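Reading through the structure tokens given below for one structure.
Model, not experiment: these values are computed from the prediction. Chain letters run A, B, ... following the sequence lines, proteins first, then strands; residues in each count from 1.
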There are 2 protein chains.
Amino acid sequence: MYRIGELASLCEVKPDTLRFYEKHGLLAPSSRSESGYRVYSDADLSRLKFILRAKAVGFSLNEITELLSIELNKAEWACADVKGMVDDKLEQVSAKIAELLVFQDSLKRLSDACCGGPESAEHCSILEALETNRQVQAEHHAGFTPVADNKNLKASLAISAANKGKSSCC
Amino acid sequence: MYRIGELASLCEVKPDTLRFYEKHGLLAPSSRSESGYRVYSDADLSRLKFILRAKAVGFSLNEITELLSIELNKAEWACADVKGMVDDKLEQVSAKIAELLVFQDSLKRLSDACCGGPESAEHCSILEALETNRQVQAEHHAGFTPVADNKNLKASLAISAANKGKSSCC
DNA sequence: CTTGACCTTGGATTAAACTCCAAGGTTTAT
DNA sequence: ATAAACCTTGGAGTTTAATCCAAGGTCAAG
């Protein structure tokens with residue numbers, strides 16, 4: 001049994017977020033204390049973890065509500081309806097996995113190309129890695145638009161560099 | 001070469017979205033016509049596809065900007081920095097894939113449980129499928145909170161049912 | 001028995017990502 | 001040659017998902 005602050009810090013969200021989820025029907029505490037405090041159970045924790053996992057892979061809160069609604073409430077939904085919906089979600093999930101695998105491959109390729117040697121430096125962009133990935137093209141794009149806005153990239157690289165000392169390439 | 005409307009309908013977004021992406025430095029047309037119309041190239045199309053793919057798997061536009069910024073601009077970034085960043089993104093992507101695989105497994109399990117026979121109807125919820133998935137538990141959760149808000153679920157099921165006639169279970 | 005860290009509600013504010021609108025210029029098909 | 005269907009800019013409005021604030025109640029420690 002957890003109070004709102006405990007559950008929040010367990011899952012690294014804010015109490016306000018949990019109240020927000022409650023207001024929108026995603027997660028209600030299974031009980032309240034005498035004084036009116038929200039009390040969450042382990043089942044609630046599982047549910048929250050599910051919500052956060054779904055959110056992390058690009059489902060909207062509405063879609064997550066749908067996912068959580070998949071229950072055979074015979075009064076309202078026929079099994080066929082539910083199966084149709086599950087199949088839809090399965091397709092979405094499979095599509096996401098496929099796209100992520102392409103990303104993963106591209107990033108690995110990029111990592112290799114970038115750090116294999118100093119001479120390949122000008123081929124170091126994710127888009128080139130992506131394209132080399134899909135169709136091996138003889139013709140090489142000449143002009144490459146540089147990205148203007150580097151303000152928070154700078155910050156994230158600082159963090160990235162601080163977090164791990166494994167920058168050993170080139 | 002595409003005008004904004006063509007590119008938009010090709011990728012199933014709105015022209016306004018493309019102008020929005022331009023304003024925020026994600027995608028600028030490689031040229032303009034005499035009259036000032038935006039003209040997009042195939043490289044721009046690739047870039048847009050990349051953006052949409054990244055968005056679909058849960059990256060924010062800021063993160064996508066970072067991904068697109070991964071170029072070895074030696075004047076600004078050391079290779080080690082870039083590698084650190086790529087590694088970070090790789091970890092994120094791997095984590096997302098792992099989570100999606102859990103989803104996929106759960107959904108498959110749910111689909112099977114739901115439509116194997118009418119007697120297992122009350123076990124038809126994604127959360128139960130998820131938990132059965134992780135640890136086989138002897139104890140069974142008694143109370144299961146039903147979800148209140150079914151308004152757009154109804155709509156999506158209608159679409160789902162209309163789209164495919166393969167609802168043949170139970 | 002009060003101080004500090006919690007919790008409650010309701011409502012306002014924010015940030016991200018579009019989405020729409022108005023007023024006008026351009027292209028294309030009849 | 002003119003209407004329909006595009007395009008331009010600037011700015012306002014919307015939706016989603018929080019996040020913050022104010023005014024007050026609860027609880028454990030010293």
Checklist entry - Rounded to the Å, how far apart are B:Glu6 CD and D:dC6 P? => result 10 Å
Item to check | Between C1' of D:dC6 and CG of B:Leu7, the distance in whole Å | outcome: 15 Å
Checklist entry - Quick one: salt bridge (Lys or Arg N to Asp or Glu O under 4.0 Å) partners of A:Lys89, sequence neighbours excluded? => result A:Glu66
Item to check | Below 4.0 Å: OP1/OP2 of D:dT9 and any side-chain N or O of B:Lys23 | outcome: no
Checklist entry - B:Leu48 has an atom CG; how far is it from atom P of C:dA17, in whole Å? => result 15 Å
Checklist entry - Which nucleotide sits closest to the side chain of A:Arg38: D:dA17, C:dA17, C:dT8? => result C:dT8
Checklist entry - For B:Ser31, what residues pass the side chain to side chain donor-acceptor pair (under 3.5 Å) criterion, not counting sequence neighbours? => result none
Checklist outcome for this item: Residue pairs meeting side chain to side chain donor-acceptor pair (under 3.5 Å), one or both in residues 2-18 of chain B, sequence neighbours left out, come to B:Tyr2-B:Asp42, B:Asp16-B:Arg19
Checklist entry - So which pairs with a foot in residues 24-35 of chain A pass salt bridge (charged side-chain N to carboxylate O under 4.0 Å, His left out), sequence neighbours left out? => result A:Glu22-A:Arg32
Next on the checklist: Under a 3.5 Å threshold, yes or no: a donor from one side chain and an acceptor from the other, between B:Asn62 and B:Thr65?
Outcome noted: no
Item to check | Separation of D:dA17 P from A:Phe59 CZ (nearest whole Å) | outcome: 13 Å
Checklist entry - With A:Leu101, which residues qualify under side chain to side chain contact (heavy atoms under 4.5 Å, CB included), at least two apart? => result A:Ile97, A:Gln104, B:Ile97
Next on the checklist: How many whole angstroms separate atom CD of A:Glu22 from atom P of D:dA17?
Outcome noted: 17 Å
Checklist entry - Within this structure, what is the CG-to-C1' distance between B:Leu26 and C:dC18, rounded to whole angstrom? => result 13 Å
Checklist entry - Between B:Lys55 and A:Gly36, which is nearer to the 5' end of DNA chain C once each is assigned its nearest nucleotide? => result A:Gly36
Item to check | B:Cys11 and B:Leu45, any side-chain heavy atoms less than 4.5 Å apart | outcome: yes
Checklist entry - Quick one: B:Ile4 CD1 to C:dC18 C1', roughly how many Å, whole number? => result 13 Å
With 3.5 Å as the limit, what N/O pairs link the protein to nucleotides 25-27 of chain D?
unit_1 : atom_1 : unit_2  : atom_2 : d
D:dG25 : N2     : A:Tyr37 : OH     : 2.7
D:dT26 : O4'    : A:Tyr37 : OH     : 3.3
D:dC27 : OP1    : A:Ser35 : OG     : 3.1

Item to check | Whole-Å gap separating C1' (D:dA17) and CG (A:Asn62) | outcome: 11 Å
Checklist entry - What residues form a salt bridge (Lys or Arg N to Asp or Glu O under 4.0 Å) with A:Glu63, not counting sequence neighbours? => result none
Checklist entry - What are the residues of residues 11-21 of chain B, sorted by number, that bring a heavy atom to within less than 4.0 Å of DNA chain D? => result B:Arg19
Item to check | With B:Phe20 via ring-ring contact (aromatic ring centres under 6.0 Å, His included) - residues at least two apart | outcome: B:His24
